[in-house]
2 protein chains.
Amino acid sequence: MKAAAALARTPGRDRQASLISSAASLFAAKGFNGTTTKEIAKAAGVSEALVFKYFPTKRALYAAILAEKAPLSELLNAVEAVARTRDDHRVFTLIAGYRIRPGADPTMLRLLLFSALEGHELADMFFGKQHRVFYDYLAGYIRTRIDEGAFRRIDPLLAARAFIGMVVHHRLLHEIFEVPLHCPHKDIVRTYVELFLKGLQRPAAAKKRGLTRVR
Amino acid sequence: MKAAAALARTPGRDRQASLISSAASLFAAKGFNGTTTKEIAKAAGVSEALVFKYFPTKRALYAAILAEKAPLSELLNAVEAVARTRDDHRVFTLIAGYRIRPGADPTMLRLLLFSALEGHELADMFFGKQHRVFYDYLAGYIRTRIDEGAFRRIDPLLAARAFIGMVVHHRLLHEIFEVPLHCPHKDIVRTYVELFLKGLQRPAAAKKRGLTRVR
DNA sequence: TGACGGTGAGTAACCACTCACTCACCGGAC
DNA sequence: GTCCGGTGAGTGAGTGGTTACTCACCGTCA
């Protein structure tokens, strides 16, 4: 009940969360080195000193941001469910659609890139655990479909990287380099999936797509 | 002859060049904000004060780095020559091969990303003039091939972005996120080009330029 | 009372940048 | 040869401002 009472008020937790979200958008906007603790405090509406009451160092605050987010697990679950139906089109549309959905928050992409570039060990926490799993999962799906005779014989990992590359790069252009989209979101996803699946499918399998039952 | 004598020695030019190259690798490694002028001076083997004899500000030194490099023009010329032959395979192989050639220096890619993320106007100098032209050029080629009936009807700009995305993303994974290549460079390029061209070409176009049923 | 959320006013270290200065070298006058 | 003034490469020792981080202290509740 002490815990419940604490949870009911918890100004501390609120402060902590608002500090984390303020810091996240600032780090994403200007990088770790480019952001000062004073700015973070101002954005969260508290004094600079309070930042150091909650987080011993600036870097600890950075780590807390990454620890808070688990961005890909729900997508992985969704993909896994669709993947069982062997509807390739839906699988790839789901992935592409998730990665470049219209109102997506660019914060995490920027933070990921900054982490990787600024090169400290935090980038691994971010990238290593989440994203590599994702590439491997898609590569596994492609490998299965090759074995089933639906896809052409092609390196599954390269194919997975190629597809995610297409999509992520598009997001990169749009969100980081601010290149305009130039056509509706649905068309972008459709074009990418179409383009990619045509290259992946065996000519014969393309006619009756998704219904091959070869084991 | 005074100028000729000055050019014969030119310790100034040497210093300037070594400052630029020292700064380039430091900025690429740690970002603009993450690099101090003291470090740059030490890397170039001079005093910090001398840096400011050659460049009025740290940012001017950054600008000098970008001004020094013109990384894509020679590729564009090569592609333009091959493009006239209408050998799609060679065109795409040339682009992919250039972008992910084995010993490529990751400095400029890192610098480009840092510039874009740190968000100052210098990123535009870098990205705007060189890379956008490149996307447009490839999109133009794809549009021509669609008109000629060799490629399927697909958004040319999206297709261009998709292909460059595949390749650039691979480089990104390798150089920035240090993901191992896992197969020979030639195989990577071949797989990407094969995958992409299969998706782009009209099914019948490979054999003859006759009419094909659409969808 | 005292634990707790919160702060103003620091501190030492570090930042980009400046300045007064040294020194090697040069062409020319003697 | 040697003295000379001029020049430009190069530097040690700063400058003021900013940084991450600290600490004594305050008001408010249980």
Side-chain angles (χ1 to χ4, degrees), chain A residues 1-24 26-27 29-65 114-115 118 120-122, chain B residues 1-27 29-65 114-115 118-122:
Chain A
M1 64 178 169
K2 206 157 121 190
L7 205 71
R9 282 183 299 109
T10 55
R13 282 226 174 273
D14 285 354
R15 280 271 175 261
Q16 199 159 332
S18 86
L19 276 170
I20 284 177
S21 82
S22 297
L26 279 167
F27 284 152
K30 309 164 68 175
F32 183 80
N33 286 317
T35 304
T36 69
T37 50
K38 187 176 266 175
E39 286 174 312
I40 296 167
K42 197 178 172 189
V46 295
S47 70
E48 196 184 353
L50 194 68
V51 176
F52 294 95
K53 292 275 180 190
Y54 286 103
F55 306 99
T57 62
K58 185 185 173 189
R59 181 161 287 214
L61 173 54
Y62 193 94
I65 294 169
F114 258 128
S115 300
E118 290 186 321
H120 31 77
E121 66 286 357
L122 296 166
Chain B
M1 62 182 162
K2 207 155 119 190
L7 206 72
R9 283 181 298 108
T10 58
R13 282 226 173 274
D14 286 354
R15 279 272 174 261
Q16 199 160 330
S18 87
L19 276 170
I20 284 177
S21 82
S22 297
S25 47
L26 279 167
F27 284 153
K30 310 165 66 175
F32 184 80
N33 286 317
T35 304
T36 69
T37 50
K38 188 175 264 176
E39 287 174 310
I40 296 167
K42 197 178 170 188
V46 297
S47 70
E48 195 184 354
L50 194 66
V51 175
F52 293 95
K53 292 277 179 187
Y54 285 103
F55 306 98
T57 63
K58 187 185 175 189
R59 182 162 285 215
L61 173 54
Y62 193 94
I65 293 168
F114 257 127
S115 300
E118 292 186 320
H120 31 76
E121 65 286 356
L122 295 167

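For the numbers below, each heavy atom of this structure counts, side chains included, while hydrogens, waters and symmetry mates do not. Order of the sequence lines sets the chain letters (A, B, ...), proteins ahead of strands, with each chain counted from 1.
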Take the protein atom [atom1] of [X] and the nucleotide atom [atom2] of [N], then report the distance between them rounded to whole Å.
{"X": "B/Ile40", "N": "C/dC15", "atom1": "CD1", "atom2": "C1'", "result": "12 Å"}
{"X": "B/Lys38", "N": "C/dC17", "atom1": "NZ", "atom2": "P", "result": "14 Å"}
{"X": "B/Leu50", "N": "C/dC19", "atom1": "CG", "atom2": "P", "result": "16 Å"}
{"X": "A/Lys30", "N": "D/dT19", "atom1": "NZ", "atom2": "P", "result": "9 Å"}
{"X": "A/Asn33", "N": "C/dC14", "atom1": "CG", "atom2": "P", "result": "14 Å"}
{"X": "B/Glu39", "N": "C/dC14", "atom1": "CD", "atom2": "P", "result": "12 Å"}
{"X": "B/Leu19", "N": "D/dA9", "atom1": "CG", "atom2": "C1'", "result": "12 Å"}

Intermediate values then yes/no, side chain to side chain contact (heavy atoms under 4.5 Å, CB included), A/Phe114 and A/Phe27:
CA-CA 8 Å; A/Phe114 258 128; A/Phe27 284 152; over 6 Å; no
Counting primed atoms plus P, OP1 and OP2 as sugar-phosphate and everything else as base, spell out the protein contacts along nucleotides 21-26 of chain D at 4.0 Å heavy-atom distance: B, S or - for each nucleotide, 5' to 3'.
BBBB--
Under a 3.5 Å threshold, yes or no: a donor from one side chain and an acceptor from the other, between B/Thr57 and B/Tyr62?
no
Return all side-chain donor-acceptor pairs below 3.5 angstrom for residues 40-52 of chain A, not counting sequence neighbours, or 'none' if the list is empty.
unit_1  : atom_1 : unit_2  : atom_2 : d
A/Glu48 : OE2    : A/Thr37 : OG1    : 2.8

Categorize B/Val51 for me: base, sugar-phosphate, or nothing, with a 4.0 angstrom heavy-atom threshold over every strand shown.
nothing
Look up atom CD1 in B/Ile20 and atom OG in B/Ser25, then write down how far apart they are to the nearest 0.5 Å.
12.0 Å
Which residues satisfy the salt bridge (charged side-chain N to carboxylate O under 4.0 Å, His left out) test with A/Glu39, sequence neighbours excluded?
A/Lys30
Just to confirm, is there a sub-4.0 Å distance from OP1 or OP2 of D/dG10 to any side-chain nitrogen or oxygen of B/Tyr54?
yes
Using only atom types and a distance under 3.5 Å, with no angle test, would you say the side chain of A/Gln16 pairs donor to acceptor with the backbone of A/Tyr54?
no
